[in-house]
Amino acid sequence: LKQIEVCVVGMASGDDNLRRIIRAHGDVHTIWGERIIARYAPVLEPYLKDTDGDHKAAFKLFRDSVKNGWTFPCLYGSVAESVSENMKIPERIGTELWNEFWDEYPGVKAWQDKVRKIYRTKGYVECLTGRRRHEPLESTKIINSPIQGTASDIVVDAMVRLSDLSVERDDTRYHPRINVHDELEFYIPNERPLETIKEIAAYIVHPSYDFASDIPISVAASHGPNWYDLADCGLFYSDELPKPQAGVN
């Protein structure tokens with residue numbers, strides 16, 4: 001599932017700007033990677049060195065750093081000093097960008113404040129599915145537990161429905177073999193692999209939860225004989241794939 005936690009933040013917070021990016025099939029990590037480079041170009045130099053000056057390859061590596069060191073830490077409540085240190089940019093520039101981040105997504109900030117207030121008064125946080133996690137929790141876990149927990153529930157929902165579909169059709173291609181975080185692995189013989197992948201993707205991107213109905217969810221699919229030799233075979237969005245009608249929903 002591509003950017004599933006960003007999608008869940010959009011579902012939970014209702015932030016207009018974040019939801020607009022998701023609906024446009026945008027990449028929030030790329031957006032902020034480009035902003036950081038525009039404000040402090042030297043940040044890209046180590047990545048250029050590691051890729052022998054290949055700017056495209058360098059930015060791809062940098063995007064991963066932005067995802068893990070900037071976007072998600074911000075979304076999960078990290079302070080400006082922390083994300084500046086993560087990205088190895090001057091604190092003054094990092095603080096300016098951090099303030100811009102929250103100017104851009106005020107609805108997310110308001111949602112974070114609401115979650116913290118509920119935790120202080122009730123002693124738990126809650127996923128969009130209603131599943132709760134009780135105190136004690138570290139400050140960032142107060143924010144990320146409802147998001148990561150909801151994302152996990154969406155993945156498990158897909159696993160259950162696909163497993164049921166596999167039994168219903170007596171076809172093991174639809175049965176998830178391995179789950180790694182937000183990834184599902186399947187064994188699909190060479191006969192009509194892309195057709196099968198698209199059908200599986202349709203079940204994954206159309207969860208059975210109403211709260212997910214107005215935010216596009218996407219799946220990046222790849223195939224190969226093993227995890228090392230994988231080739232991309234498609235990016236599938238819920239607003240482009242029809243909702244499955246057959247099988248278990």
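On a predicted model such as this, the values are computed, not experimentally measured, just so you know. Only heavy atoms go into these numbers, but all of them, side chains included; no hydrogens, no water, no symmetry mates.
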[atom1]-[atom2] distance between [X] and [Y], expressed to the nearest 0.5 angstrom:
X    : Y    : atom1 : atom2 : result
E195 : I188 : CD    : CD1   : 11.5 Å
C7   : I217 : SG    : CD1   : 6.0 Å
T51  : K56  : OG1   : NZ    : 12.5 Å
E240 : L235 : CD    : CG    : 8.0 Å
I21  : I31  : CD1   : CD1   : 4.0 Å

Kindly indicate whether the side chain of [X], heavy atoms from C-beta on, has any atom under 4.5 Å from the side chain of [Y].
X    : Y    : value
L1   : S218 : no
V8   : I154 : yes
Y187 : T172 : no
L97  : I89  : yes
D103 : W98  : no
Y203 : D164 : no
V180 : I178 : yes
R35  : E100 : yes

Any side-chain to backbone donor/acceptor pair from [X] onto [Y]? Under 3.5 Å, distance only.
X    : Y    : answer
S145 : I142 : no
T150 : L128 : yes
H206 : L241 : yes
D52  : D54  : no
S152 : Q148 : no
S82  : V79  : no
R173 : T196 : no
S78  : C74  : no
Y119 : L137 : yes
S166 : L162 : no

Provide the closest heavy-atom pair for [X] versus [Y] in the form atom of the first, atom of the second, distance.
X    : Y    : result
Y124 : I118 : O-CG2, 3.8 Å
S65  : M87  : O-SD, 3.6 Å
Y40  : I93  : CD1-CD1, 3.7 Å
G69  : N86  : O-ND2, 3.0 Å
A202 : P242 : CB-O, 3.8 Å
P46  : V43  : CD-O, 3.5 Å

Near [X] [atom1], under 6.0 Å, is it more than 12 heavy atoms from other residues, nucleotides or ligands?
X    : atom1 : answer
E85  : CD    : no
R23  : CZ    : yes
D16  : CG    : no
K141 : NZ    : no

Between [Y] and [X], is there a salt bridge with N-O shorter than 4.0 Å?
X    : Y    : result
R169 : E199 : yes
D214 : R19  : yes
D15  : R20  : no
E135 : K122 : no
D157 : R161 : yes
E45  : K49  : no

Classify the side-chain pair [X]/[Y] by whether it contains a donor and acceptor separated by less than 3.5 Å.
X    : Y    : answer
Y174 : E168 : no
Y76  : E5   : yes
H175 : S163 : yes

Check side-chain hydrogen bond (donor to acceptor under 3.5 Å, both in side chains) between E126 and all other residues, then give those that pass, not counting sequence neighbours.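 Applying side-chain hydrogen bond (donor to acceptor under 3.5 Å, both in side chains) to E126 gives R132.
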
Could I get the full list of side-chain hydrogen bond (donor to acceptor under 3.5 Å, both in side chains) partners for D229, not counting sequence neighbours?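 With neighbours one apart ignored, the set is N226.
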
Worked check of side chain to side chain contact (heavy atoms under 4.5 Å, CB included) between Y105 and V9: CA-CA 11 Å; Y105 312 121; V9 174; over 6 Å; no

is_close_aromatic(F72, H29), centroid dist under 6.0 Å: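 Yes: the rings meet the under 6.0 Å criterion.
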
Please check if the distance between the ring centroids of Y237 and H25 is under 6.0 Å.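 Centroid distance Y237-H25: below 6.0 Å, so yes.
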
Would you call the rings of F211 and Y209 parallel, tilted or perpendicular, taking 30° and 60° as the class edges?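 The arrangement is parallel - the two ring planes meet at less than 30°.
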
Look at the rings of F59 and H55 and say which category their plane angle falls in: under 30° parallel, 30 to 60° tilted, over 60° perpendicular.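 Aromatic pair F59/H55 classed parallel.
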
Cluster link W102 to V6, ILVMFWY, side chain under 4.5 Å: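 Same cluster: W102 reaches V6 through Ile, Leu, Val, Met, Phe, Trp or Tyr contacts under 4.5 Å.
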
